[in-house]
**Q** 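Attaching a single structure in structure tokens format; questions to follow.
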Amino acid sequence: MKCEKLEVWKISARLSADVYKLLSNLKDFGFKDQITMAGLSIPSNIAEGMEKESIKDQIRFLDIAKGSTAEFATQTYIAMDIKYIDKENGKIFIEKSNQILAMLTKLQQTLKGKLKQ
């Protein structure tokens with residue numbers, strides 16, 4: 001897979017696994033499903049997009065990954081507020097989300113540059 005070479009995919013896949021581990025005992029299954037699915041969607045959409053032949057399709061899937069990252073960050077803030085995620089882990093998750101968003105934006109810019117060539 002092309003995505004395995006991307007640092008943004010590696011970071012987002014690790015973040016997804018970390019969320020699953022941290023919330024493994026959470027009994028609020030609706031919330032747990034929502035935040036873990038948002039986290040899982042990030043590396044999944046990166047992977048799916050990078051396997052597309054069309055650069056436009058790659059960019060579109062990176063947009064979806066960015067949306068999932070924003071969704072995940074929002075749910076992390078809520079989880080911290082309702083004490084599902086402690087402040088220390090929540091801060092790390094938010095920092096990783098911001099890092100992922102920046103990396104996805106940069107990757108999109110790179111791909112858009114290829115479109116213009």
Side-chain angles (χ1 to χ4, degrees):
M1 290 189 315
K2 296 175 189 172
C3 64
E4 292 173 328
K5 298 175 185 173
L6 296 174
E7 194 64 25
V8 68
W9 179 83
K10 293 174 188 175
I11 292 168
S12 62
R14 172 56 37 218
L15 177 63
S16 180
D18 289 346
V19 172
Y20 268 90
K21 290 175 191 173
L22 184 68
L23 298 179
S24 64
N25 294 323
L26 182 64
K27 300 296 182 215
D28 183 341
F29 299 111
F31 188 87
K32 181 167 78 172
D33 287 349
Q34 189 71 30
I35 194 169
T36 54
M37 289 305 295
L40 184 61
S41 180
I42 303 165
S44 298
N45 278 294
I46 295 168
E48 188 171 355
M50 294 293 77
E51 291 302 320
K52 300 292 183 183
E53 293 296 322
S54 161
I55 292 176
K56 286 183 180 182
D57 283 342
Q58 292 174 0
I59 293 168
R60 185 171 57 87
F61 275 91
L62 294 177
D63 260 340
I64 296 167
K66 286 170 67 175
S68 295
T69 305
E71 179 183 0
F72 173 80
T74 297
Q75 293 162 357
T76 298
Y77 280 117
I78 293 167
M80 288 189 304
D81 192 44
I82 60 178
K83 309 288 190 259
Y84 285 173
I85 295 176
D86 61 272
K87 297 278 186 203
E88 182 180 331
N89 281 307
K91 183 180 175 186
I92 292 167
F93 291 169
I94 296 299
E95 288 171 357
K96 290 292 180 192
S97 296
N98 290 332
Q99 179 184 16
I100 290 165
L101 282 171
M103 294 173 84
L104 289 171
T105 298
K106 180 67 175 161
L107 182 54
Q108 282 183 312
Q109 290 170 348
T110 300
L111 291 171
K112 286 176 183 176
K114 289 182 179 182
L115 279 177
K116 294 177 183 177
Q117 295 176 357

**Q** Any donor and acceptor pair, going by atom type alone, linking the side chain of Lys66 with main-chain N or O of Leu104 inside 3.5 Å?
**A**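 Such a contact is absent between Lys66 side chain and Leu104 backbone.
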**Q** List the atom of Lys32, the atom of Leu23, and the distance in Å for their closest heavy-atom pair.
**A**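 The pair with the smallest heavy-atom distance is CD-O, 2.9 Å.
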**Q** Let me confirm one number: the CD-CD1 distance from Glu48 to Ile46, rounded to the nearest 0.5 Å.
**A**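 That separation rounds to 12.0 Å.
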**Q** Counting only N and O atoms by type, is there a donor-acceptor contact under 3.5 Å from the side chain of Asn45 to the main-chain atoms of Ser41?
**A**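 Answer holds: yes.
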**Q** Closest approach of Pro43 and Ser16, non-hydrogen atoms and distance?
**A**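 Closest heavy-atom pair between Pro43 and Ser16: CG-CB, 4.5 Å.
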**Q** Check the pair Val8, Ile42 against side-chain contact (heavy atoms from CB on, under 4.5 Å), reporting the backbone distance first and the verdict last.
**A** CA-CA 10 Å; Val8 68; Ile42 303 165; over 6 Å; no
**Q** Enter the distance from Gln34:CD to Thr74:OG1 here, rounded to the nearest 0.5 Å.
**A**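 Output value for this atom pair is 11.0 Å.
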**Q** Has Ser44 got a side-chain atom pairing as donor or acceptor with Leu40's backbone, closer than 3.5 angstrom?
**A**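 Answer holds: yes.
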**Q** Can you tell me if Tyr77 has over 12 outside heavy atoms packed within less than 6.0 Å of its OH?
**A**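 Incorrect, the count does not exceed 12.
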**Q** Step by step, would you call Leu15 with Ile92 a side-chain contact (heavy atoms from CB on, under 4.5 Å)?
**A** CA-CA 9 Å; Leu15 177 63; Ile92 292 167; over 6 Å; no
**Q** Would you call the rings of Tyr84 and Phe31 parallel, tilted or perpendicular, where under 30° means parallel and over 60° means perpendicular?
**A**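 Tyr84 vs Phe31 ring planes: perpendicular.
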**Q** Are Val19 and Met80 linked, directly or through other ILVMFWY residues, by side chains that come within less than 4.5 angstrom of each other?
**A**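 Result: yes, single cluster for both.
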**Q** Does Arg60 pair with Asp57 as a salt bridge, N-O distance under 4.0 Å?
**A**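 Salt bridge: yes.
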**Q** For Met37, does the CE atom have more than 12 heavy-atom neighbours from other residues, nucleotides or ligands under 6.0 Å away?
**A**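 Counting neighbours around CE of Met37, 12 or fewer heavy atoms of other residues, nucleotides or ligands fall under 6.0 Å, so no.
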**Q** State, to 0.1 Å, how close Ser97 and Thr69 come at their nearest heavy-atom pair, and which atoms those are.
**A**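 Reported closest heavy-atom pair: O-CG2, 3.4 Å.
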**Q** Same hydrophobic cluster for Ile82 and Ile35, using side-chain heavy-atom links shorter than 4.5 Å among ILVMFWY?
**A**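 Yes, Ile82 and Ile35 fall within the same hydrophobic cluster.
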**Q** For a side chain to side chain donor-acceptor pair (under 3.5 Å) check, start with the C-alpha distance between Gln58 and Glu51, then their side-chain angles and the critical distance, and finish with the verdict.
**A** CA-CA 8 Å; Gln58 292 174 0; Glu51 291 302 320; over 6 Å; no
**Q** In sequence, state the C-alpha distance, the side-chain angles, and the governing distance for Gln99 and Met103, and then conclude on side-chain contact (heavy atoms from CB on, under 4.5 Å).
**A** CA-CA 6 Å; Gln99 179 184 16; Met103 294 173 84; 3.8 Å; yes
**Q** Could you pull out the closest heavy-atom pair between Lys96 and Ile11, with the gap in Å?
**A**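 Distance-wise, the nearest heavy atoms are CD-CG2, 4.0 Å.
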**Q** For the residue pair Ile94 and Ala73, what are the closest heavy atoms and their distance?
**A**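 Nearest pair, atom of Ile94 first, then Ala73: CD1-O, 3.5 Å.
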**Q** Could you walk me through whether Gln75 and Glu71 pass the side chain to side chain donor-acceptor pair (under 3.5 Å) check?
**A** CA-CA 6 Å; Gln75 293 162 357; Glu71 179 183 0; 3.2 Å; yes
**Q** With hydrophobic residues grouped by side-chain heavy-atom distances under 4.5 Å, do Leu22 and Leu26 end up in a single group?
**A**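 Leu22 clusters together with Leu26.
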**Q** Measure across Met50 and Lys2 and return the closest heavy-atom pair with its distance rounded to 0.1 Å.
**A**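 Minimum heavy-atom separation between Met50 and Lys2: O-CD, 3.1 Å.
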**Q** Does Ile59 form a side-chain contact (heavy atoms from CB on, under 4.5 Å) with Leu115? I'd like the steps, not just the answer.
**A** CA-CA 10 Å; Ile59 293 168; Leu115 279 177; 3.9 Å; yes
**Q** Supply the atom-to-atom distance Gln108 CD to Phe61 CZ, rounded to the nearest 0.5 angstrom.
**A**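 Here the rounded value is 13.0 Å.
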**Q** Do Trp9 and Ile55 land in one hydrophobic cluster if side-chain heavy atoms of ILVMFWY residues count as linked below 4.5 Å?
**A**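 Yes.
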**Q** To the nearest 0.5 Å, what is the distance between NZ on Lys83 and CG on Asp81?
**A**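 So the NZ of Lys83 and the CG of Asp81 are separated by 6.5 Å.
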**Q** I'd like to know whether NZ of Lys10 has more than 12 heavy-atom contacts from other residues, nucleotides or ligands below 6.0 angstrom.
**A**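 Count over threshold, so yes.
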